Amino acid sequence: MTANGTRPRVLFVCYGGSHANVLAPVVVEVLRAGRVEPIALALTTGRTTFARLGVPSRGYAEYLDPVADGDAVALGERLLGDVH
């Protein structure tokens, strides 16, 4: 615990499914231990891997503002095309 009674936060970042497969068990253990608050930023396919393993995470979507970032979202959707 910190001086103000909160748990320190630890940021875990991964990019891609392979990285997520390695990192997710660490995040699970940190959650289980309860000493720190893990924040997992799982990008691209890492987000899918974390979700499949039931590990809470954040991705790009949590940092988008639909109004302010509308042009970027539209461009991304156009570039994405029919890729799933």
Side-chain angles (χ1 to χ4, degrees):
M1 292 285 182
T2 62
N4 67 1
T6 61
R7 293 183 298 162
R9 294 181 188 158
V10 177
L11 176 64
F12 295 92
V13 180
C14 64
Y15 181 88
S18 293
H19 296 141
N21 279 324
V22 172
L23 190 59
V26 175
V27 176
V28 168
E29 183 58 28
V30 167
L31 277 167
R32 189 196 64 71
R35 289 195 204 132
V36 297
E37 177 187 350
I39 299 170
L41 182 59
L43 305 173
T44 67
T45 57
R47 185 72 188 270
T48 304
T49 302
F50 268 54
R52 182 174 42 79
L53 297 171
V55 179
S57 65
R58 299 175 185 183
Y60 289 123
E62 282 76 24
Y63 299 97
L64 281 176
D65 179 318
V67 175
D69 300 323
D71 291 342
V73 171
L75 176 60
E77 288 172 349
R78 192 176 88 231
L79 292 172
L80 183 62
D82 62 357
V83 175
H84 299 289

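Remember, it's a predicted structure, so these values are computed and weren't measured experimentally.
More than 12 heavy atoms of other shown residues, nucleotides or ligands fall within 6.0 angstrom of atom CG in D65.
The backbone N or O of N21 lies less than 3.5 Å from no partner atom in the side chain of T49, so there is not a single donor-acceptor pair.
H19 contributes atom NE2, which lies 11.0 Å from atom CG of L43 (distance to the nearest 0.5 angstrom). Distance check, rounded to the nearest 0.5 Å: CG of L41 to CZ of R47 gives 9.0 Å.
Linking ILVMFWY side-chain heavy atoms closer than 4.5 Å, directly or via other members, places L75 and L64 in two distinct hydrophobic clusters. Both L11 and Y60 are members of a single hydrophobic cluster when ILVMFWY side chains are connected at heavy-atom separations under 4.5 Å.
Between A40 and P56, the shortest heavy-atom contact is CB-O, 3.7 Å.
Put simply, the side chain of R58 reaches to within 4.5 Å of the side chain of Y63, judged on heavy atoms.
Through chains of ILVMFWY side-chain contacts below 4.5 Å, F50 is grouped with V10, F12, L23, V26, V27, V28, V30, L31, V36, L53, V55.
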